[in-house]
Amino acid sequence: MENLFRLVDHEDFFSRRCIWVNGPVIVGAGPSGLATAACLREQGVPFMVLEREDCIASLWQKRTYDRLKLHLPKQFCQLPKLPFPEDFPEYPSKKQFINYLESYATKFQINPRFNECVQFARYDETSGLWRVKTKTSGSAEFEYICRWLVVATGENAECVMPEIDGLNEFKGDVIHAADYKSGEKFRGKKVLVVGCGNSGMELSLDLCNYNASPSMVVRSSVHVLPREICGKSTFELAVMLMKWLPLWFVDKLLLILAWLVLGNIGKYGLKRPAEGPLQLKNTEGKTPVLDIGALEKIRSGDIKVVPGIKRLNGFSVELVNGEEHDVDAVVLATGYRSNVPCWLQEGELFSKNGFPKSPFPNGWKGNSGLYAVGFTRRGLSGASSDAIRIAQDIGHVWKQETKQKKQRTTACHRRCISQF
C-alpha cells in the first residue's frame with residue numbers, strides 16, 4: 001500500500017495502529033482527490049488516499065438524483081491526464097461520469113482505503129510531521145504519519161439543513177436533495193422545493209415530469225442563464241469572451257443575451273442580483289442557474305414560484321406574504337458545506353467556513369506541507385488546476401531528495417570499494 005512502514009505506538013498499541021506513509025496522505029476520494037493522486041503518480045510520488053465511504057466519488061454515487069448530467073461541456077469537466085471517451089455526449093450523464101471516474105482510478109492505480117473516517121489531523125511541530133487519526137466502520141483506529149497532507153474533502157462534504165419554523169412538526173415527508181433520486185414516489189403530490197439553485201430548479205423539473213405539483217421557494221435573487229446560446233455552451237462562450245474582455249463587460253453581454261433568449265424572468269418571481277453572474281461567482285461562490293427546461297414549466301404554471309417560508313403546519317405551509325398552501329412533502333435543495341473545520345486542527349490555510357482564506361488561484365498551498373484541492377468554487381476545472389500545482393510542488397521536493405539519496409548511496413559505495 002504505497003510503500004508503507006508500520007510503526008509501534010506504545011501508548012495505544014492495542015487500540016490504534018500507526019502507519020508511516022512514504023508520501024502525502026490525501027483525504028477524500030472524490031474527483032479532487034483522484035486528480036491529485038493521478039498527478040502524483042505521474043510524478044513518481046507514492047501516496048495514500050483515505051475515504052470515509054465505501055466507494056470513490058460518493059457524492060456522485062450516493063447523493064445525486066438519477067436524471068443528473070454535467071451542467072458544463074465535458075471538455076471543462078475532465079480530470080488531468082485522461083480526456084472523456086470520444087463517444088460520450090457533450091453533457092455526460094451521472095452514470096457515464098461515474099464510469100469515467102472508475103476508469104480513471106483504474107488507469108492510475110488509485111486504491112483508496114475505504115470506510116476510514118478522519119477524526120482529526122494535526123501538525124506535530126516536534127517531529128515536523130502530520131498525524132492523521134481515522135476510525136473505520138468497524139471501529140478500528142489508525143494513525144497515519146506523513147510529511148504532506150492534501151485536503152480533498154471538497155465544498156460539498158455535508159448537507160446544509162435550514163432552520164424552518166415548524167419543520168419538525170410537519171406531518172409529510174421531508175428529505176434533503178441528497179436523498180432525492182426521482183419524482184416517482186411523489187406522483188400526484190404537492191411538493192415544496194426549498195431552494196432555487198441548479199438542484200432546486202432541476203428537481204422541480206423532474207417532479208413535473210412525474211406529474212407532481214412542485215412549488216419552488218425563492219428567498220433571494222438568482223441569475224438564470226440559458227445552458228446554450230445559439231447552439232454554443234454559455235459557459236464556453238463566457239470563457240472565450242474573458243480572454244479579450246474584462247469580467248464586468250462579459251457579465252453585461254451575458255445578461256443581454258440571457259434576456260434575448262429567456263425574456264424578462266422577473267415577472268415570474270425570479271429577481272436578478274445587482275452583481276453580474278460571473279462577478280457573483282467570484283465574490284460569493286454563487287453559481288448561476290443554467291436552465292435546461294425548468295423556466296418553461298415556470299412560465300406554464302406547472303412549477304409555482306413562491307416567496308420565503310414563515311412556518312410549516314401539519315400538511316401546509318404559511319408563506320411570508322401571508323398565503324397558505326397545502327403541501328404533501330418538502331424537498332430541501334439547500335446545498336452543501338465544507339466539513340474541514342470539524343477535523344483539521346489548523347488555522348492558517350483554512351478559515352472557519354472550511355474554505356481557504358486566500359482566493360483562487362492562491363488557496364491551494366499552506367504551510368508545513370498542507371495543501372487544499374477542490375475549494376476554488378470553479379468546479380472540476382478548478383480542482384484539476386489545483387491538483388496539477390500540488391503534484392508538481394510535492395514532486396519537485398521528492399525528486400530533489402531522491403537524487404540526493406542516490407548521490408549519497410553512490411558515494412558510500414565508492415568509499416567501501418576504495419577500502420578494499
Side-chain angles (χ1 to χ4, degrees), residues 1-7 18-51 56-57 78-82 101-114 116 118 121-124 127-132 134 142-154 340 344 346 349 356 361-376 380-410:
M1 293 292 292
E2 303 300 337
N3 295 334
L4 304 181
F5 298 89
R6 296 188 179 278
L7 302 176
C18 289
I19 300 173
W20 165 254
V21 180
N22 191 27
V25 164
I26 302 169
V27 182
S32 298
L34 296 178
T36 306
C39 292
L40 286 167
R41 179 74 72 196
E42 290 289 289
Q43 292 281 335
V45 180
F47 55 83
M48 167 64 72
V49 181
L50 302 176
E51 169 56 47
I56 64 168
Q78 64 192 24
L79 301 185
K81 316 295 181 181
L82 185 67
L101 293 177
E102 288 176 340
S103 299
Y104 193 85
T106 299
K107 176 179 174 62
F108 294 103
Q109 299 177 320
I110 304 169
N111 301 299
R113 288 180 68 106
F114 293 117
E116 287 204 37
V118 174
R122 64 180 177 84
Y123 184 70
D124 188 331
S127 63
L129 299 170
W130 284 93
R131 303 174 71 92
V132 184
T134 69
F142 294 90
E143 186 166 17
Y144 298 91
I145 314 297
C146 57
R147 283 182 57 189
W148 299 286
L149 178 64
V150 180
V151 179
T153 47
V340 174
L344 181 62
E346 183 273 346
L349 178 60
N362 301 313
W364 61 277
K365 184 179 180 179
N367 296 322
S368 307
L370 180 63
Y371 298 90
V373 57
F375 295 90
T376 63
L380 294 165
S381 62
S384 295
S385 175
D386 282 346
I388 292 169
R389 288 192 181 99
I390 291 168
Q392 288 175 342
D393 197 59
I394 295 175
H396 177 70
V397 176
W398 180 269
K399 289 172 182 176
Q400 276 190 330
E401 292 184 353
T402 301
K403 183 178 179 180
Q404 290 170 358
K405 287 177 184 177
K406 287 181 179 179
Q407 289 173 344
R408 286 196 297 268
T409 301
T410 301

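Nothing fancy with the numbering, it's 1 onward along the sequence.
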Practice prompt. Taking all non-hydrogen atoms of both residues into account, name the closest pair between Leu349 and Lys365 and its distance.
Written response: CD1-O, 3.6 Å

Worksheet entry | Shortest non-hydrogen contact from Lys81 toward Lys107 | O-CE, 4.3 Å

Worksheet item: Is there side-chain contact between Arg131 and Ile145, with at least one heavy-atom pair below 4.5 Å?
Response: yes

Worksheet item: In Å, rounded to the nearest 0.5 Å, how long is the span from CG of Leu101 to OG1 of Thr106?
Response: 11.0 Å

Worksheet item: Who are the side-chain contact (heavy atoms from CB on, under 4.5 Å) partners of Ser127, not counting sequence neighbours?
Response: Asp124, Leu129

Discussion item. How close do Ile56 and Ala105 get, counting heavy atoms only, and between which atoms?
Written reply: CD1-CB, 4.3 Å

Quick one: side chains of residues 366-375, donor-acceptor pairs under 3.5 Å with protein atoms, not counting sequence neighbours, listed by atom name and distance.
residue: Asn367; atom: ND2; partner: Glu348; partner atom: OE1; Å: 2.5
residue: Tyr371; atom: OH; partner: Asp393; partner atom: OD2; Å: 2.5

Item to complete: Would you indicate whether the side-chain heavy atoms of Trp130 and Pro24 approach each other to under 4.5 Å?
Response: no

Fill in: Heavy-atom pair with the smallest gap, counting every atom of Val132 and Cys146
CG2-SG, 4.5 Å

Discussion item. Between Glu51 and Pro112 (side chain of the first, backbone of the second, donor and acceptor by atom type, cut-off under 3.5 Å), is there such a pair?
Written reply: no

Worksheet entry | Listed partners of Gln43 passing side chain to side chain donor-acceptor pair (under 3.5 Å), at least two apart | Lys399

Discussion item. Using the side-chain contact (heavy atoms from CB on, under 4.5 Å) criterion, which residues pair with Ala383? Sequence neighbours excluded.
Written reply: Ser32

Discussion item. To the closest 0.5 Å, what do you measure between CG (Asn111) and CZ (Phe47)?
Written reply: 8.0 Å

Worksheet item: Got a second to check how far Ile110's CD1 is from Met48's CE, nearest 0.5 Å?
Response: 13.0 Å

Fill in: Residues which pass side chain to side chain donor-acceptor pair (under 3.5 Å) with Ser381, listed by chain and number, not counting sequence neighbours
none

Discussion item. Would you compute the distance between atom CG of Leu380 and atom OG of Ser385 and round it to the nearest 0.5 angstrom?
Written reply: 12.5 Å

Fill in: Non-neighbouring partners of Phe108 that pass ring-ring contact (aromatic ring centres under 6.0 Å, His included), sequence neighbours left out
Tyr104

Worksheet item: Leu149 and Glu346: side chain to side chain contact (heavy atoms under 4.5 Å, CB included), yes or no, with the steps?
Response: CA-CA 12 Å; Leu149 178 64; Glu346 183 273 346; over 6 Å; no

Worksheet item: Any idea which heavy atoms bring Pro46 and Asn22 closest together, and the distance?
Response: CG-O, 2.6 Å

Worksheet, complete the sentence: CZ of Arg41 to OG1 of Thr36, rounded to nearest 0.5 Å, is 13.5 Å

Practice prompt. Find out whether Val151 and Val27 are in side-chain contact, i.e. whether some heavy atom of one side chain is under 4.5 Å from a heavy atom of the other.
Written response: no

Worksheet, complete the sentence: One should read off an interatomic distance between Ile388 CD1 and Trp364 CH2, to the nearest 0.5 angstrom, of 11.5 Å

Discussion item. Quick check: closest heavy atoms across Cys39 and Ala387, and the distance to 0.1 Å?
Written reply: CB-O, 3.9 Å

Worksheet item: Are Arg113 and Tyr144 in a cation-pi contact, defined as NZ or CZ under 6.0 Å from the six-membered ring centre and within 45° of the axis?
Response: no

